[in-house]
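Take a look at the structure set out below.
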Amino acid sequence: MGQSEQEPPSPSDPRLPPGQRVQRGWPALHYGPVPRFKPLSWELQVFGATASAERRGWDFAGFNALPRTTVRADLHCVTRFSVLDGEWTGVAAALLLDLVPPDTGVTHVMVWAEYGYSANLRLEDFAAPDTLLATHRDGEALTAEHGFPVRLVAPRLYAWKGPKWVRAIEYMRADRRGFWEERGYHNRADPWREQRYSHQEEPGDGPLR
Ligand SMILES: Nc1nc2c(c(=O)[nH]1)N[C@H]1C(S)=C(S)[C@@H](COP(=O)(O)O)O[C@H]1N2
Ligand SMILES: [Mo]
C-alpha cells in the first residue's frame, strides 16, 4: 500500500476515532485458529427472513463472478489500534441485499464465519455504501490469516463487527447478539462514539442480555 511513501499520520489524525492510535503494518488478530479453505465445499449463503423465504448460496466461482466495488477504509480494533487507509475490493453488501431481498420487517443481519464466529449489524449499517464482502486489500487477495476468501468490512463500526472467513448472512426480524456482543462488547460498536463495552449501552442499543 505504499505505506513508506506516506507522511506518518499524527496522533491527531482526523481519521482516528477517540482513544485510537495508528498502527503501522497490518497485524492479524482473531479468536481461535485460522480455518483451512476448502474450495469444493465452500459456499456463501444468505438465509433467514428472505423475501422469497428461500435461502440462496454461491459457490466459490459463482461468488467471484459477482460485480466488484472498491472502497478506501480504515480498520479500528477495539483494543485501540487503527490500520488506516486500506483499499478494499469485494462485493458490496448492498448488492447482496439487491440480489437476495430481505423480507419486510428485517431489521438486522447476523454475519456468520467459520467456527461459529458471528457479528450482528443493523440492516442500515450492513446496507451502507462502504460495507463490503471483501476479497482483496490493496489489490491483493486476502491472506488466510486476514480472512481469505472473504471477510466483511464495515468501516463505520469497530472491526470485530467484520468477520473474517465469512460463510453466511442471516436476515433477522429482531436483533440478536453475535460472538463478542454476547461477551461484553457493545451491541452497536460505533468507534466515533467509543461504543466499546456493553455496560455503556443505552436503552435501544441492543437486546437484553
Ligand atoms: N472470524 C473472525 N473474524 C474476526 C475476528 C475473529 O476473531 N474471528 N476478530 C475481529 C477483530 S476483533 C478484528 S480487530 C479484526 C482484525 O482483522 P485483521 O486480523 O485482518 O487485522 O478481525 C475481526 N474479524
Ligand atoms: Mo479487534
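Note that the structure is predicted; figures quoted are calculated from it, not measured. In what follows, every heavy atom counts, from backbone to side chain, and hydrogens, waters and symmetry copies are set aside. Along the sequence shown, residues are numbered consecutively beginning with 1. Atoms within a ligand are numbered from 1 in the order they appear, just like the ligands themselves.
Relative orientation of the W26 and W88 rings is perpendicular, given thresholds of 30° and 60° on the angle between their planes.
Not less than 6.0 angstrom separates the ring centroid of F47 from the ring centroid of Y171. Centroid-to-centroid, the aromatic rings of Y117 and Y31 stay 6.0 Å apart or farther.
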Q) Are W165 and H30 close enough, and set up right, to give a ring-ring contact (aromatic ring centres under 6.0 Å, His included), and what steps lead you there? A) CA-CA 11 Å; W165 316 296; H30 46 264; 5.1 Å; yes

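The shortest heavy-atom contact between S118 and G178 is OG-CA, 3.4 Å.
Under 4.0 Å from any atom of ligand 1, one finds heavy atoms of residues W26, P27, A28, L29, H30, Y31, C77, A113, Y117, H146, R151, A159, W160, G162, P163, K164, W165.
With sequence neighbours left out, the ring-ring contact (aromatic ring centres under 6.0 Å, His included) criterion links W58 to no other residue.
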